[in-house]
Amino acid sequence: MSKEIVYPYIPNSAPDVKAAMLKDLGVSSVEEFYEDVPEKLRLKRTMDLPAPHLSEHELKKHVMGLLKKNSDCTEFSSFLGGGCYQHHVPAICDEVNRRGEFLTAYAGEPYDDHGRFQTLWEYASMMGELLNMDVVNIPTYDWTQAAATSCRMAARMNGRNEILVASTVGPDRHSKILDYCKPELRIKTLDRDHKTGQIDLDALQQAISENTAAIYFENPSYLGIIEDMGQEISRIARDNGAECIVGVDPISLGVLTPPADYGATIVCGDVQTLGIHMQYGGGNGGIIATHDDERYIKEYPSRLFGISTTDVKGEYGFGDVLYDRTSFGAREEGKEFVGTASALWGLTAGVYMALMGPKGMQEIGEGILQRVNYAILKLSELPGVKAPAFSSSHFKEFVVNFDDTGRTVAEINKALREKRIFGGSDLSQIFPELGNSALFCVTEIQNKEDIDQLVNAIAEIVK
Amino acid sequence: MENIAKHRVNEKGEPNLRRYHQARWDEPIIFELSNKDERGILIPEASQELKDEVGDVMAALPKSMRRNKPPALPEISQPQVLRHYVRLSQETLGADFNIDVGQGTCTMKYSPKIHEDLARCPEFAALHPLQDESTVQGILAIMYNFEQILKEISGLDRFSLQPGAGSGAIYGSASIIRKYHELRGESATRDEIITTSYSHPSDPACAKVAGFKIVTLPPDKDGYPDFEAFKAAVSERTAGLHMTNPEDTGIYNPDISDFVDLAHKKGALCFYDQANANGILGITRAREAGFDLCHFNLHKTFSTPHGCGGPAVGALGVTKELEHLLPVPVVEFDGEKYSLNWDMPDSIGKIRAFYGVIGAVVKAYSWAMSLGANGMKTAAEIAVLNNNYLMKKICEIPGATAPYAEGKWRIEQVRYSWENLTKETGITSEQIGIRAADFGVHYWTSHHPWTIPEPFTLEPTESYTKAELDEYIAIIRNAATEARNDPETVKNAPHNCPIHHVHHDPLDDPAQWAITWRSYQKKMEK
C-alpha cells in the first residue's frame, strides 16, 4: 500500500497536523526525537508481525473467527468449578462495569474521581456485611494473592515463620502461597480426616507450635466440604498465639456462618462469584478482611479507602487510609506492594450485592444447597459411583469417585462432551490420593432437568 | 445571529477554557437507599420436585455453620440500584471523555470499543478455565499468537500472560531471579537487587517481597541513573538489576547496555521494567540492550482499559535460558493443536489464578492486530511527537520547567517541576492539580519520594489531537496565571468537582477512620 494510513486511534497521524507540529518543534522528522537511542540498540528493520486487519469489520471477523472455535458454557451444560464459577450475571452488573466513566478511569483524585472512591468504598462496606468484618481491602488480584498476602500479614504481626495449610486448599492458592511466602515462611500441610475431608484436629494439635504464624483453611474447601469445626480450629490457633486465616466463597454467606463468627482473624476470598463472568478464569478479585484493629490495618499492602468530611457540611468525601504504609507511599519500606489490581470486579461485586440484598443472598445459598444435595443424591444411586467421596456437608461442589466404574474421569468426560456436557474437573493429577475422582459443581443456574441430564448421561457411560 | 464559534478562542487564537462542571449528585451512601423488603433481582428457584427430594437443606447443615443473622445488605429495587451507580459513574472522570494526558506513567490511551465487544461475547466470557483443551482452541490460539507478537516487539523468547499487572510481573521477575540463582547454588550469596530512584515503587518493593535487599541508584546531574554509583554498588552479591528506560522523567538512557553488560559480568540478571514502552515500539527492544527479562502492561501500552485500577495484565518475558522458570502453564502449539504445558518442574509456580486476565489479552491482541508493525510504530512516534509538543508548550509557561537533560527530546512522558512557581507564589504542584480538575482533566504529581521539587508528570500518548493538547496546556497555563493573580481561587479549589476539599486527618486516625459503613456507624454512635 503506497498511501499513508491515518489510523483512527492516532489523530495526529493525519499528515498536515503532524507536519505542523513537527514544524512548530523545528524538526523535520519524528526520527530526530530518538537521537538518544544509540545505533547499536536500534531495531533496524520493520517488526516481523502479522499483517493487520485495519478495518474494524475485518478485525472483528478475524478475532470472532478464532473465538468461535471455542465451545463455551452457554452451549454446553457445565459442571466445572474449582475456583471459577458459572453463576447468573445480572444485566446491571455488565451495564455498570461497561460504562466508560468507570471502565476507563484509573488513578484520579478523591474529588474528580469521587464516584470511583465511593463505589469501591461501598463495595468494601457491603462485603463487610457479608463477612461480618469492619475492614475490607480494595481488591487485590485474586484469591491466590489474597491468601498469600494474608499469610505474610500474619507473620509480620507475630514475627513467626511457619504457616499450617489445610490439605484441601485450592492448588493455585497453594502454589502461590509457596512461592510468595518462600523467603520468610515455611509452609506445612495439615492432614485431613479421610472420612470427612475436614482438618484432623489431632494432627493440628501436633503440628502447631510457637513457630506457627497462622493456620490457613478454606470454607467451603476446594473440594466443596463445609468445615464445621472452625470454632475449635480458631481456638487452637488463638491458644497458640497464631492467627486464624479462612478463605471463603462470598456467595455462600447468605446461608453459611461467616468465618469471623467462628474466630477467623483474617479472611480472604474472591469476588468472581458475585456478578462477574468466568472469562476463562480472568474474572477474579482478591478479598482481604479483618476487624478494625490498628495492628492488622497497618499490615495491609492494599489500598484501604475511608470516609471523611469535606469543607461543605452534608457532603461525603473519601480518601486513602494510612497511605504511607503502602509501597506507593514508602517504596520498599511499605508493606509488600500495591498497584493496578482488580478494581472493576470489586465495583461489579458491589453492584451484585446491592441487587441481591439479604434475601437474595439467602435464597441463592439455599437454592445451591438444594441443587448440590440433589445432584449428590442422584449420582450416588449409580452403580460404582461414589458421591460424595467425603461424608461432610457440601456447598456448591463435591467429589465424585469413579474407581468402581472401571472408567477413568478422562474417559467419562470425553463421553460427556459428546453429549454437550462438561463433567467435573479431573482431580487425579492434583489429588492423586483420591483415586479416579472428579470435582463437580452445581450452582443456581442448573435446575432438576440439567442435573437429571448429567446423571442419565453418566449412567449410560458407566453401565 | 452572532457567530458563536469565534467566541471559542481568545484574541491569541488559544482555546477559551470550558465552563465545565462535573456532575454533582450529593449521592447518598448505598445503605441509605435501603427500604425493607425491596428486591433488586429475583433468584431462580429450584423446582418443587427437586426440593421435595432433598428436604430441608438448611436444617441439614451443621448447626455451627448455619448463618444465624442475615447479612445487613441494603434492600433496593433495581432501577434505584442502577440510578445510584450511574450517578456515581458520572462523578468519575474516565478517559473516554477527558483529555487524559495528566496521569503521567499511566499511558491513558484510547481503549477501542470494538475490543470490549469481543471480550464480552459468550464465546469468550462464558469459557471456564478447566474446560478440555479441545474446546478452547480459539482462546489458546489468541494467547499463543499474542505471545508471538510480544516476542517480536521485545526480542525475548517466551512470555507468561499470567501476572495480574505491572507489579505482578515485577514480582514474577524477582521470583524468577531468585529461582535462577537458587538452581545455580548461589541464592545464599546473591541477595541484592539494584534499582533506580525514578523506577516505579514496585521495582524495589516487589524485589523486597521476594527476599532481596534493595540498593537504589540516585540520578546523576543529568537525570540518568548514576553509572558511577552503579559501579560501586554492583558485585557478586547482586542477584538482579531492575531498570526502566526511559525512566519516569522521559529521558532515554543511551548507556543502558553498559549497565546490563556490567551486571552480567558480575553474574546478575537484568529485568527491563517496560511500563514506559509506549514511545519505543518498533524502535528499540529489550533484546538489543541485552536484558534477560522484561514486561509490558497490557492496560497501558496495549490499550486495554484501566478499569478504575484493574483487571490488567503484566506480560512477563524472558530469554530462552530462563523460560523453564516461568509461571505454569505456558501455551504450546504443535502445528495443529494448542495446549497448556504444565510440565515445568523448575517453574516458580503460580503468579495468579489460572492463566491470568485473558480478557485483557483478547483486547491487547485486537489492538496489535488492528495496527500491525507499522501502526504500532506510528503509535509510538506520534506519542513521542505529542509529548515533545506538550513539553515545549508547558515549558513556555512561566514557572514550569522540565528538569534534567536540557535541550534533549524526551520519549513518551516528562516529569516537570513547579519549583519556581512555588517559590514565587507559594502555590504548590498539588494545588495546581486540584485547580486543573475544575476544568475536567486529571493531573498527577509523582511517586514518592519526590526527588524533583513540586513535580508533575504528563504523558500525552498518541490518542489526543493537537487541539486537545492545546486545551490541556491552556488549563495548566490558567492555573499558573491564577497562582499569581488570584491565588485564593487556586487554594480553594476544587470548585467544579462533585465534592470539595476532603479532610484528611480522620483517614489516619484509628479512632475516626471508617473503612466500611458498619465501622462508620459504630464510630458515629460514640
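Letters go in sequence order (proteins before strands), and every chain restarts at 1.
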Legend entry - Backbone N/O of A/Gly357 and side chain of B/Glu75: donor-acceptor pair under 3.5 Å: no

Legend entry - Side chain B/His448, main chain A/Arg331, donor-acceptor under 3.5 Å: no

Give a yes-or-no answer on whether the side chains of [X] and [Y] include a donor-acceptor pair shorter than 3.5 Å.
X        : Y        : value
A/Arg99  : B/Ser89  : yes
A/Lys40  : B/Ser257 : yes
B/Glu27  : A/His114 : no
A/Thr309 : B/His503 : yes

Any side-chain heavy atom of [X] sitting closer than 4.5 Å to one from [Y]?
X        : Y        : result
A/Tyr111 : B/Ile434 : yes
B/Ile515 : A/Ile297 : yes
A/Tyr34  : B/Glu381 : yes
A/Asn12  : B/Glu462 : no
A/Ile307 : B/Leu507 : no
B/Thr284 : A/Leu43  : no
B/Phe124 : A/Gln279 : yes
B/Pro311 : A/Trp345 : yes

So, [X] and [Y], do they make that salt bridge, N to O below 4.0 Å?
X        : Y        : result
A/Arg98  : B/Asp117 : yes
A/Glu363 : B/Arg39  : yes
A/Asp24  : B/Lys392 : yes
A/Glu129 : B/Arg518 : yes
B/Glu288 : A/Arg42  : no
B/Lys522 : A/Asp134 : yes
B/Asp132 : A/Arg417 : yes

Inset, instruction - List the steps, then state whether side chain to side chain contact (heavy atoms under 4.5 Å, CB included) holds for B/Ile139 with A/Leu67. - result: CA-CA 6 Å; B/Ile139 192 62; A/Leu67 289 176; 4.1 Å; yes

Inset, instruction - Output the option from B/Pro70, B/Pro494, B/Ala46, B/Gly433 having the highest count of non-hydrogen pairs under 4.5 Å with chain A. - result: B/Ala46

Inset, instruction - Would you mind telling me which of B/Ala379, B/Ser202, B/Ser370 has the largest number of heavy-atom pairs within less than 4.5 Å of chain A? - result: B/Ser370

So what's closer than 4.5 Å to chain A heavy atoms on [X]: side chain, backbone, both or neither?
X        : answer
B/Ile382 : side chain
B/Val81  : side chain
B/Asp508 : both
B/Lys51  : side chain
B/Val54  : side chain
B/Ala141 : side chain

Inset, instruction - Check B/Ser463 against A/Pro11 and note the closest heavy-atom contact, atom names and distance. - result: O-CG, 3.6 Å

Inset, instruction - Carefully, step by step, assess A/Leu256 and B/Leu61 under the rule side chain to side chain contact (heavy atoms under 4.5 Å, CB included). - result: CA-CA 9 Å; A/Leu256 297 188; B/Leu61 278 178; 3.8 Å; yes

State yes or no: are the ring centers of [X] and [Y] separated by less than 6.0 Å?
X        : Y        : answer
B/Tyr355 : A/Tyr280 : yes
B/Tyr171 : A/Tyr180 : yes
A/His62  : B/Tyr365 : yes

Inset, instruction - Please step through side chain to side chain donor-acceptor pair (under 3.5 Å) for the pair A/Glu315 and B/His500, ending with a clear verdict. - result: CA-CA 8 Å; A/Glu315 195 173 78; B/His500 300 80; 3.0 Å; yes

Inset, instruction - Could you check A/Gln370 against B/Leu50 for side chain to side chain contact (heavy atoms under 4.5 Å, CB included), going step by step and ending with a plain yes or no? - result: CA-CA 7 Å; A/Gln370 288 163 340; B/Leu50 186 154; 3.9 Å; yes

Inset, instruction - Take B/Ser175 and A/Asp179 through the side chain to side chain donor-acceptor pair (under 3.5 Å) test and state the conclusion after the steps. - result: CA-CA 8 Å; B/Ser175 183; A/Asp179 174 68; 2.6 Å; yes

Legend entry - CD/A/Glu35: more than 12 non-hydrogen atoms of other groups inside 6.0 Å: yes

Inset, instruction - Using non-hydrogen atoms and a 4.5 Å limit, figure out which bit of A/Met361 sits close to chain B: side chain, backbone, both or neither. - result: side chain

